[in-house]
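Below: the structure, in structure tokens.
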Amino acid sequence: MPAVSRLDEARHEIRRVILSFLEGAGFTGLDEVVRLEVPTEKGHGDLTTSFALKAAGRTKVPPRVLLEQLLSWWPDVPAVESLEVAGPGFLNFTLRTRWLAEVVNQVRAMPGQYGNSDFGQQQRVLLEYVSANPTGPMVVVSGRAAAVGDTLARCMSAAGYQVFREFYVNDAGNQIATLGHALALRLRELEGEDVESNWPEKVYPGDYVKDLAKAYRTLHPEFATDQAVEDRYPELGAWAAERIRQSQETVLREFGVTFDQWFSERSLRESGAAEAVIDRLRNRGYMAEREGALWFTSTRFGDDKDRVMVKSDGSYTYFVPDAAYHAGKFDRGFDYVIDLLGPDHHGYVNRMRAVVEALGYPPERLEILIVQLVRLLRGRELVRMSKRGGDFVALEDLIEEAGVDPARFFLLERAPETPMDFDLNLATLKGSDNPVYYVQYAGARIHSILRQWHAMAAETVPVDLGLLTSAEERELMVLMARFPEVVVRVAEDRAPQHLPKYLTDLAAAFHAFYRAHRILDVEPGLRQARLALIEAVLAVNTRGLALLGISQPEEM
RNA sequence: GCGCCCGUAGCUCAGUGGAUAGAGCGCCUGACUACGAAUCAGGAGGCCUGAGGUUCAAAUCCUCACGGGCGCACCA
């Protein structure tokens, strides 16, 4: 694996030297143990390793003794300023500041691409996320899945994966007829009929269907209300579903989230893929007929119960098209298939794995992430979200109230699998209480300085990065050198929360630097070097925010 | 009852088997005649739910208990 960053270059170099030392000392097979990590504590160097502790059992040499030998043997390594033995057997490395400073040039050479790497080796990944039913407005948990999926896609692309983004549209089945039923009732209501007092149990009562009814009436003036009968429900529902899907697309685009494909369940059914997947399972011997229904024997693959695929009335359960859809994903040649599912799909994971395995695909290539619930609060008060009642907060309400940037930052700050509370009061705050502005403000400050620099029309001199020697400048270099591997970590661990954390650290380091040092009114050489430094910081900040789908304003 | 997720500062949450467990908010004390104070410097605040176990080393891995959330349809 080639180095992904300046820091990673140092890591590779140091590791190579340590391994050759160990080999010379007669210790082999320790490759696994020699890992260089970014220490959690300040004062433990730029990189640290505990291989001596980990290998003590095999080397039979006390860790500190081994490290002292290594220390006296250590050759000159360009990246390394110094190394020291610490604690029970840690080895801490301090990197040469001048060597680190090259990161400034690296960033400035490709400001919009810095952070990219070939870690993923162009493996093809299908990422499915959101996939909200087209039967009503999206709620906030869909927004969380959208933000998480989108940022994972952006980071995985940056980390060298080929990512294909897909939204699965459940535009078939009973729920579409139910939606059609709701639309039919609202159409009757437009004619003055009282439908509310006798509203059927399972039909969506939300007001949004009233708007759909008005739109339908305008587009189809010839439609007579007495046509709003049961055998028209599927057709009416299909119309409404497509209409809702389009509004989902609009809201998501506003939220900065797009898809390469909106995959229609109906098209899947029409293509015969459902029958095909049942045949495949039958041929492989994983289908059983019981009680008049056709069951997939998923218990043979660790599921807790078998699953009905064809009901006794001959119709399919929703599981059939889903199985066909997933089979199709693998048939399309993806190396990895990742699903982001909502918390109500817990029970779904085992059967999906089972069907993938039963169809002969490697089950470890299907990865299912559960994006957990979002509880909306206003201060202490819980805001209820329910598609049934009219009092839910839709994603578009959230965007309007909080704004895209704060909403995305909040949703991405926490690990996706952790249930979270989203305080609307906090996200709505425009001031310093809102962490997203802290990060954006760092960039806006740099923009402001650069504007003044351009207005000065002062003398430009060649950049000498060797002039950057202060602790604050060095901290910025170290952080920038880490950026590409933060992106890799987000991609690899499917953990977007590392990025907001990193950007907060970077902004803090910049603000501290800004307070401690002047930039424009110092001598020209140092000024030029610091300008180069903050230009690089701005580039990294902007790119980091872009990976989160958040803007970097030039002024605030 | 079974399965999955989660218990970390007053609140919301980070934390890659490592060293003295971190951040933001809230609270307290300081800092602009200086490139943007939406900032900075510092302080208080912890039995990492509990009990065992593995390990040189556990918030992290394993087991059990307790507490919270969500799933467990011939619904989608």
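All chains are named by letter (A, B, ...) in the order of the sequence lines, taking the proteins before the strands, and each is independently numbered beginning at 1.
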For nucleotides G24(B) and U60(B), find the distance between their C1' atoms and express it as a whole number of Å. 23 Å

Involving RNA chain B, stems made of at least three consecutive Watson-Crick or G-U pairs, both distances under 3.5 Å: B:1-7 with B:66-72, B:10-13 with B:22-25, B:27-31 with B:39-43, B:49-53 with B:61-65

Assign M420(A) to base, sugar-phosphate, or nothing according to its heavy-atom contacts below 4.0 angstrom with the strands shown. sugar-phosphate

Starting at atom CG of D303(A), determine the distance to atom P of C2(B), rounded to an integer number of angstrom. 17 Å

To the nearest angstrom, the CG-P distance between L67(A) and C56(B) comes to 18 Å

Between F319(A) and Y348(A), how do the two ring planes meet: parallel, tilted or perpendicular, split at 30° and 60°? perpendicular

Take the angle between the ring planes of Y325(A) and F263(A) and call it parallel below 30°, perpendicular above 60°, tilted in between. tilted

Could you measure between the two C1' atoms, the one in A58(B) and the one in U54(B), and give it in whole Å? 10 Å

If only side-chain N and O atoms of N174(A) are considered, is one of them under 4.0 Å from the OP1 or OP2 phosphate oxygen of A76(B)? yes

Looking for any heavy atom pair under 4.0 Å, which part of the strands does H447(A) touch: base, sugar-phosphate only, or nothing? nothing

Using a distance-only criterion (donor-acceptor N/O pair, under 3.5 Å, no hydrogens), is the base of A76(B) paired with the side chain of Y318(A)? yes

Looking at E128(A), K329(A), H326(A), which one forms a side chain to side chain contact (heavy atoms under 4.5 Å, CB included) with Y168(A)? E128(A)

Taking the ring of Y438(A) and the ring of H511(A), is the distance between their centroids below 6.0 Å? yes

Rounded to whole Å, the CG-P distance (D421(A) to C13(B)) equals 5 Å

Length of the CG-P vector between L377(A) and U12(B), whole Å: 9 Å

Restricting to nitrogen or oxygen on both sides, can you table the protein-nucleotides 15-22 of chain B pairs closer than 3.5 Å?
residue: G15(B); atom: OP1; partner: Q497(A); partner atom: NE2; Å: 2.9
residue: G18(B); atom: N7; partner: S50(A); partner atom: OG; Å: 3.1
residue: G18(B); atom: N7; partner: K54(A); partner atom: NZ; Å: 2.9
residue: A19(B); atom: N6; partner: T48(A); partner atom: OG1; Å: 2.7
residue: A19(B); atom: N6; partner: N92(A); partner atom: OD1; Å: 2.8
residue: A19(B); atom: N1; partner: N92(A); partner atom: OD1; Å: 3.4
residue: A19(B); atom: N1; partner: N92(A); partner atom: ND2; Å: 3.1
residue: U20(B); atom: O2'; partner: E41(A); partner atom: OE2; Å: 3.3
residue: G22(B); atom: OP1; partner: E41(A); partner atom: OE2; Å: 2.8

Could you give the distance separating A9(B) and C48(B) at their C1' atoms, to the nearest angstrom? 10 Å

The contact string for nucleotides 69-74 of chain B, one letter per nucleotide 5' to 3', using protein heavy atoms under 4.0 Å with B, S and - for base, sugar-phosphate only and none, comes out as BBSSSB

To the nearest 0.5 angstrom, please state how far the CZ atom of R307(A) sits from the CG atom of L294(A). 15.5 Å

Side-chain ion pair, R300(A) and D306(A), N-O less than 4.0 Å: no

To the nearest Å, give me how far apart CZ (F422(A)) and C1' (G24(B)) are. 15 Å

NZ/NE/NH1/NH2 to OD/OE distance under 4.0 Å, E485(A) and R482(A): no

Distance-minimising heavy-atom pair for R144(A) and M420(A): NH1-CG, 3.4 Å

Listed pairs, N/O of protein and of nucleotides 40-50 of chain B, under 3.5 Å:
residue: C40(B); atom: OP1; partner: Y438(A); partner atom: OH; Å: 2.3

With sugar-phosphate meaning primed atoms plus P, OP1 and OP2, does I370(A) contact a base, only sugar-phosphate, or nothing at under 4.0 Å between heavy atoms? nothing

Does T418(A) make a side-chain N or O approach to OP1 or OP2 of G7(B) shorter than 4.0 Å? no

Which is true for Q440(A) with a 4.0 Å heavy-atom rule: it touches a base, it touches only sugar-phosphate, or it touches nothing? nothing

Please report the distance separating the P of U8(B) from the corresponding atom of A51(B), rounded so that it comes out in whole Å. 16 Å

Identify every side-chain donor-acceptor pair in residues 523-534 of chain A under 3.5 Å, counting partners at least two apart or on other chains, and give the distances.
residue: E523(A); atom: OE1; partner: G525(A); partner atom: N; Å: 2.9
residue: E523(A); atom: OE2; partner: L526(A); partner atom: N; Å: 3.1
residue: R527(A); atom: NH1; partner: L520(A); partner atom: O; Å: 3.2
residue: Q528(A); atom: OE1; partner: V461(A); partner atom: N; Å: 3.2
residue: R530(A); atom: NE; partner: E473(A); partner atom: OE2; Å: 2.7
residue: R530(A); atom: NH1; partner: R518(A); partner atom: O; Å: 2.8
residue: R530(A); atom: NH2; partner: E473(A); partner atom: OE2; Å: 3.3
residue: R530(A); atom: NH2; partner: H517(A); partner atom: ND1; Å: 3.4

Could you tell me how far A59(B) sits from C40(B) if I compare only their C1' atoms? Round to whole Å. 31 Å

State which residues pass ring pair (Phe, Tyr, Trp, His ring centres under 6.0 Å) with Y502(A); sequence neighbours excluded, sorted by chain then number. F483(A)

Rounded to the Å, how far apart are L503(A) CG and G24(B) P? 15 Å

Salt bridge between R494(A) and E367(A), side-chain N to carboxylate O under 4.0 Å? yes

